[in-house]
Amino acid sequence: MANIAENRFYLEVNEDFDITPIREKVFEDNLEGEITFADDSFIEGYFESRWDFPREIWEEILGEQPIYFRCLTEEYGCGIVSMNIHDIDGFWREPQYFDL
């Protein structure tokens, strides 16, 4: 059985960007979770994944669009915490990992 990771995310766009397609795509097929708060410029929510942060899924959702995204991932079985950030410039920062 796979260890389940909890992922809490925050996503923000500038006022000229329509966030609606992103909001609709987040839980389309591959992620199980919930948006806990959203308005015209940001979304907060959580989802579960197996073992670690599913970067490939989020790369597809975000692409190289001008979206700021950060996700705190906690995998309790192995005691691993990570932070993944997509800059407003459309690039991913190097993930930060912490062992507990």
Gap separating the [atom1] atom of [X] from the [atom2] atom of [Y], nearest 0.5 angstrom:
X   : Y   : atom1 : atom2 : answer
E34 : T36 : CD    : OG1   : 7.0 Å
T20 : R23 : OG1   : CZ    : 5.0 Å
S82 : F53 : OG    : CZ    : 8.0 Å
F69 : E59 : CZ    : CD    : 11.0 Å
I61 : H86 : CD1   : NE2   : 11.0 Å

If you compare all heavy atoms of [X] against all heavy atoms of [Y], which two are closest, and at what distance to 0.1 Å?
X   : Y   : value
R55 : R93 : NH1-O, 4.2 Å
I35 : A38 : CG2-CB, 3.9 Å
I19 : D39 : CG2-O, 3.8 Å
W58 : V26 : CH2-CG1, 3.9 Å

task = Evaluate ring pair (Phe, Tyr, Trp, His ring centres under 6.0 Å) for F42 paired with F37, printing each intermediate quantity in order.
result = CA-CA 8 Å; F42 74 94; F37 192 80; 5.6 Å; yes
task = State yes or no: do I67 and Y46 share one hydrophobic cluster built from I, L, V, M, F, W and Y residues joined by side-chain heavy-atom distances below 4.5 Å, directly or via other members?
result =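 I67 does not cluster with Y46.
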query = Are F98 and L72 connected in a single hydrophobic cluster, I mean Ile/Leu/Val/Met/Phe/Trp/Tyr linked by side-chain heavy atoms less than 4.5 Å apart?
reply =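 Shared cluster, yes.
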task = Could you walk me through whether I22 and V13 pass side-chain contact (heavy atoms from CB on, under 4.5 Å), step by step?
result = CA-CA 10 Å; I22 299 294; V13 299; 5.7 Å; no
task = Could you walk me through whether Y97 and V81 pass side-chain contact (heavy atoms from CB on, under 4.5 Å), step by step?
result = CA-CA 6 Å; Y97 293 94; V81 176; over 6 Å; no
Donor-acceptor contacts, no H, no angles, side chain residues 4-11, under 3.5 Å, sequence neighbours left out:
residue	atom	partner	partner atom	Å
N7	OD1	T73	OG1	2.6
N7	ND2	A5	O	3.3
N7	ND2	F47	O	3.2
N7	ND2	S49	OG	2.9
R8	NH2	E74	OE2	2.1
Y10	OH	E12	OE1	2.8

request  = With Y68 as reference, evaluate I85, L62, N14 under the side chain to side chain contact (heavy atoms under 4.5 Å, CB included) test and give the passing residue.
outcome  =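 Only one of I85, L62, N14 forms a side chain to side chain contact (heavy atoms under 4.5 Å, CB included) with Y68, namely I85.
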ask   = Looking at side-chain heavy atoms only, is the closest gap between L31 and I57 below 4.5 Å?
value =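 They are in contact (side-chain heavy atoms under 4.5 Å apart), so the answer is yes.
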task = Please indicate whether Q65 has more than 12 foreign heavy atoms, meaning atoms of other residues, nucleotides or ligands, lying under 6.0 Å from its CD.
result =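 Enclosed.
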